[in-house]
Asks: 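Once you've had a glance at the structure underneath, I'll fire off some questions.
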Amino acid sequence: MGVLAGLLVAMLVLPMACTAGVGARDTAGWFKSSPEDLPIADLAQRSRILATDGSTIATFFFENRIEIKLDEVASVARKAVLAIEDSRFYEHGALDSRGTIRALLNNLEPGNGTQGGSGITQQYVKNMLAETAVTKKERQDAIAVTPARKLRELRYAVALERKLSKDEILRRYLDIAYFGDGAYGIEAAARHYFSKPAAKLNLAESATLAGIVRNPFAYNPHLHPAAGRARRDVVLARMGELGWISQAEADTTTRQPMVLRINQTANGCVTSKAPFFCDYVQREILTNPVFGRTPEERKRLLQRGGLTIQTTMDWKVQRAAQRAIDRHVPARNSAHKAAAETLIEPGTGQIKGMAVDRLLGPNRERGKTWINFAADADHGASIGMPAGSTFKVFTLAAALDQDLPFGTRLNAPSGFTPTGYRNCKGQRVGDTKTLHNSSDGEGGRSFSLVTGTWHSVNTFFLGLERKVGLCDTVKMAERLGMRQGNGKPLEQYPSFTLGFNPVSPTRMAAAYAAFAARGRYCEPIAIKKITDSAGKPVTVPSANCRQAIGKGVADAVNYVLRGVLTKGTAGGQGIGRPSAGKTGTVDDFSAAWFAGYTPDLASAVWMGDPRGGFGHPMGNLCMDGQCYGSVFGATIPAPIWHDTMEAALSGTPEHGFHSPPGYYFSKGSGEDNVRIPDVRGLKVAEAIQALRSAGFTTQVASAQVFSDTYPKGTVVGTSPGSGSSTAPGNTVTLFVSKGKNPKSQSGIPGQKPSPGTTGH
């Protein structure tokens with residue numbers, strides 16, 4: 001072998017060898033030495049993104065390849081490749097002397113065309129050198145038709161045959177060979193051309209694939225059916241000539257037409273049925289340092305690493321969200337509006353669905369966008385949108401965190417001048433511009449924590465924010481994961497509670513999910529597990545779940561927000577199971593939101609105009625022939641939420657919320673027109689305590705009355721009477737018994753009943 005190698009190499013590089021004074025013997029010695037840079041490396045394999053049920057969301061690849069074992073390739077397919085490429089593969093060493101000398105002598109004759117003499121091992125080396133090339137020059141050198149390249153291939157082939165078995169070399173060759181149409185390796189080729197695995201290839205299909213390898217473009221049966229069939233028949237004839245199939249088999253198969261079942265493997269998220277969730281996962285891998293130190297490393301991992309990426313997405317939830325959004329805000333609607341929704345599982349942070357009313361694609365094409373309106377800038381290029389009144393929940397939570405009871409009442413004027421605020425640096429912030437109740441709510445009277453939230457009263461929340469502190473409100477939002485869509489911290493001004501900060505539906509859904517999970521906040525995550533091509537686990541980001549607020553505080557928030565869906569701004573949008581939520585309308589109707597949840601699923605919906613909400617407001621919206629007037633959070637976002645949640649949770653067991661701690665009821669339930677408790681027969685101090693607990697102020701009538709029913713010193717009745725309803729905070733007058741009338745067992749003749757003793 002060494003002498004033959006030296007002879008062949010000397011003949012290949014005769015001018016160079018003679019000039020350098022290198023003889024065949026010296027060349028053979030160098031040739032037989034083992035190279036240190038033997039090209040055995042992992043091949044680029046495609047990565048798959050999977051839903052929770054194991055189905056494929058999308059595929060990513062630099063080269064569409066699936067590595068398999070040799071016994072996973074049909075025997076007839078192996079024979080077909082060997083027959084046309086290297087029939088003596090198992091008989092010769094690294095060099096096929098017959099084929100090489102024949103090709104060499106032919107190529108040395110003037111006027112003869114170039115003839116190939118490379119066996120399977122040499123072809124594998126050539127492909128591997130091209131595969132592992134990093135620079136453009138390295139790739140050009142790997143495929144250049146030069147004696148130097150041939151010399152290097154031969155030397156590597158000798159070393160490779162010493163290191164690997166013939167079966168292993170054949171397996172690697174079948175995995176690395178290019179079969180045209182973007183299919184690398186025989187498994188990807190079988191699936192692409194015939195929609196079946198390589199293990200199930202028949203004779204005709206095997207011969208077709210084997211014939212492609214020599215020239216993947218010219219013999220591509222998809223692009224050139226006639227040439228592909230003719231080449232298939234050459235392979236069949238060669239197999240018959242070698243006796244690997246019978247002549248009858250060769251003749252019968254040759255008469256068969258070329259039958260393809262093309263299965264295109266999409267690369268990337270554009271054609272995915274969940275494009276924006278897919279894009280979110282892709283950006284997570286491409287931007288998170290946990291997947292590589294540099295963008296290039298991360299891109300290489302995704303496109304070449306053969307990853308199996310198991311995500312959190314549930315198709316049932318995803319389809320429910322997409323259908324609801326498309327129904328209410330179609331992709332090509334006449335008003336050019338857009339909508340987005342993210343759904344998150346409380347207590348885990350897992351994103352179960354993410355929908356945008358667009359296709360993923362160039363913005364210049366109507367109904368398409370590259371911007372993921374549901375995500376932050378680092379996961380979708382969106383800088384976020386003002387959140388409107390959905391931010392009021394953080395002021396409510398801050399107030400409840402300070403143990404303010406539900407019955408806490410504040411006056412809500414029609415206009416409010418925001419003075420007396422300090423940010424978290426202790427600096428005074430605010431101005432003299434008067435803010436009004438121009439969106440979801442109304443003002444001009446007092447409200448409790450409950451009714452102020454139900455009616456989303458701007459001036460009430462401005463006053464409540466001042467009472468609990470702007471900084472405490474901001475810190476509450478931050479504890480629940482809120483930040484601007486561009487990744488920067490939330491800005492701190494009095495109108496913070498009115499939601500001027502631009503945020504994403506994903507962040508909003510995660511925050512509301514924390515209330516559903518009794519104060520347990522989890523960072524939103526889309527990836528559960530990743531394994532590489534060898535089945536080894538790859539580190540993935542954690543949800544970093546933590547108890548952000550007390551369970552009792554979260555339970556109290558849930559108690560208040562449940563009423564939004566029954567008695568508040570989103571009345572009538574209940575879904576037939578315990579649920580809670582908050583509407584949001586941004587200034588001048590530039591955007592609208594709804595964030596809502598059950599103990600099992602949380603969602604945030606945004607609607608607005610990608611061209612700019614303030615430039616294209618929804619103050620008098622007509623869309624696709626339907627006019628809505630001014631669009632509030634309850635007008636379109638809440639119905640999107642309603643339809644999504646009903647479908648997403650169908651068949652899911654119903655779970656309820658926990659009751660809030662009793663001290664939040666120390667001033668009553670917080671509802672308007674609370675029923676006055678019956679305190680007759682109680683001692684005055686006991687009666688006063690009961691009425692104050694219900695949210696009322698009290699006074700005792702100056703004159704006592706006779707009573708044959710109630711002992712002296714106890715309450716005879718109230719005004720308004722027990723059982724009647726009135727607004728919390730109103731004054732209830734107590735009438736006290738001075739005992740029985742000594743003149744009559746039934747009281748003074750003709751005396752009218754004491755106020756409050758009847759009429760309940």
Side-chain angles (χ1 to χ4, degrees), residues 342 344-351 376 378 384 387-404 421-426 429 449 453 461 464-525 541-561 580-582 584 593 595-597 599 602-604 657-658 660-661 664:
T342 299
I344 291 179
E345 183 178 67
T348 68
Q350 294 185 11
I351 300 173
D376 286 353
D378 58 353
S389 296
T390 54
F391 249 49
K392 290 173 180 173
V393 72
F394 304 120
T395 308
L396 172 65
L400 295 169
D401 193 46
Q402 295 180 15
D403 294 336
L404 270 64
Y421 295 80
R422 292 181 182 272
N423 62 21
C424 290
K425 294 182 180 180
V429 292
L449 293 186
T453 303
F461 272 94
L464 183 62
E465 181 185 59
R466 182 164 60 187
K467 181 178 179 67
V468 302
L470 171 60
C471 182
D472 282 358
T473 299
V474 172
K475 287 183 176 179
M476 176 58 71
E478 291 176 342
R479 284 158 64 183
L480 295 168
M482 295 308 302
R483 67 186 185 201
Q484 292 189 69
N486 59 14
K488 295 180 180 179
L490 300 167
E491 294 189 356
Q492 303 176 24
Y493 295 100
S495 55
F496 179 91
T497 191
L498 305 184
F500 71 84
N501 274 286
V503 299
S504 70
T506 297
R507 287 277 159 190
M508 187 65 72
Y512 274 71
F515 298 125
R518 304 192 72 197
R520 179 178 170 84
Y521 174 77
C522 300
E523 290 284 333
I525 57 170
S542 167
N544 296 317
C545 297
R546 64 184 185 277
Q547 194 68 33
I549 59 176
K551 292 182 179 179
V553 174
D555 294 338
V557 170
N558 300 337
Y559 171 84
V560 176
L561 295 192
K582 182 71 187 73
W593 289 71
Y597 55 94
S603 161
F657 295 105
H658 288 73
Y664 287 117

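Everything numeric in this text was worked out from a predicted model, so none of it was measured.
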Asks: Minimum heavy-atom separation for Met482 to Ala511, with atom names?
Replies: SD-CB, 3.8 Å

Asks: Do Trp593 and Pro505 touch side chain to side chain, with heavy atoms closer than 4.5 Å?
Replies: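 Yes - at least one pair of side-chain heavy atoms lies under 4.5 Å apart.
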
Asks: If we only count heavy atoms from C-beta on, is the Val560 to Leu449 side-chain gap below 4.5 Å?
Replies: no

Asks: Taking Glu465 for the side chain and Lys467 for the main chain, is one N or O donor matched with an acceptor at less than 3.5 Å?
Replies: no

Asks: Pairs in or reaching into residues 487-500: which pass side-chain hydrogen bond (donor to acceptor under 3.5 Å, both in side chains), with residues at least two apart or in two chains?
Replies: Thr395-Thr497

Asks: To check you understand the geometry: which heavy-atom pair defines the closest contact between Val393 and Phe515, and what is its length?
Replies: CG2-CE1, 3.6 Å

Asks: Can you tell me how far apart CG (Asp403) and OH (Tyr664) are? Round to the nearest 0.5 Å.
Replies: 5.5 Å

Asks: Using a strict cut-off of less than 4.0 Å between a Lys/Arg side-chain nitrogen and an Asp/Glu carboxylate oxygen, indicate whether Arg479 and Asp401 qualify as a salt bridge.
Replies: yes

Asks: Is there side-chain contact between Asn558 and Tyr597, with heavy atoms separated by less than 4.5 Å?
Replies: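 Yes, their side chains come closer than 4.5 Å.
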
Asks: Once salt bridge (charged side-chain N to carboxylate O under 4.0 Å, His left out) is applied, do any residues pair with Arg520, and if so which ones, sequence neighbours excluded?
Replies: none

Asks: Give me the atom names and distance for the closest heavy-atom approach of Ala604 to Ala509.
Replies: CB-N, 3.7 Å

Asks: Which heavy-atom pair separates Thr348 from Ala543 by the least distance, and what is that distance?
Replies: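 Minimum heavy-atom contact is O-CB, 3.4 Å.
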
Asks: Does some side-chain heavy atom of Tyr521 sit less than 4.5 Å from a side-chain heavy atom of Asn544?
Replies: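 Side-chain contact under 4.5 Å: no.
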
Asks: Verify ring pair (Phe, Tyr, Trp, His ring centres under 6.0 Å) between Phe657 and Tyr559, making sure each step is shown before the conclusion.
Replies: CA-CA 8 Å; Phe657 295 105; Tyr559 171 84; over 10 Å; no

Asks: When rounded to the nearest 0.5 angstrom, what distance separates CG in Asn501 from CZ in Phe496?
Replies: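 That separation rounds to 6.0 Å.
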
Asks: Any side-chain heavy atom of Lys582 within less than 4.5 Å of one from Ser389?
Replies: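 Heavy-atom side-chain distance check passes, below 4.5 Å.
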
Asks: Minimum heavy-atom separation for Pro494 to Val429, with atom names?
Replies: CG-O, 3.9 Å

Asks: Which of parallel (below 30°), tilted (30 to 60°) and perpendicular (above 60°) describes Tyr512 and Phe394?
Replies: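 Perpendicular, since the angle between the ring planes exceeds 60°.
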
Asks: Return the set of residues passing side chain to side chain donor-acceptor pair (under 3.5 Å) with Asp376 (not counting sequence neighbours), or none when no residue passes.
Replies: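 For Asp376 the side chain to side chain donor-acceptor pair (under 3.5 Å) partners, ignoring immediate neighbours, are Arg483, Ser504, Arg507.
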
Asks: What are the two closest non-hydrogen atoms of Cys545 and Gly347, and how far apart are they?
Replies: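 That closest heavy-atom pairing would be SG-O, 3.9 Å.
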
Asks: List for me each residue that meets side chain to side chain donor-acceptor pair (under 3.5 Å) alongside Thr390, sequence neighbours excluded, and say none if there are none.
Replies: none

Asks: Using the salt bridge (charged side-chain N to carboxylate O under 4.0 Å, His left out) criterion, which residues pair with Arg518? Sequence neighbours excluded.
Replies: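 Testing Arg518 for salt bridge (charged side-chain N to carboxylate O under 4.0 Å, His left out), a comparison that skips the adjacent residues, returns Asp555.
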
Asks: Taking atom OG1 of Thr473 and atom CE of Met476, what is their separation to the nearest 0.5 Å?
Replies: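 Result: 8.5 Å between the selected atoms.
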
Asks: Answer yes or no: is there a side-chain heavy-atom contact under 4.5 Å between Ser542 and Ile525?
Replies: no

Asks: Keeping the roles fixed (side chain from Gln484, backbone from Val503), state whether a donor-acceptor pair exists under 3.5 Å.
Replies: no

Asks: Tell me, please, which residues at least two apart from Glu478 pass side chain to side chain donor-acceptor pair (under 3.5 Å).
Replies: none

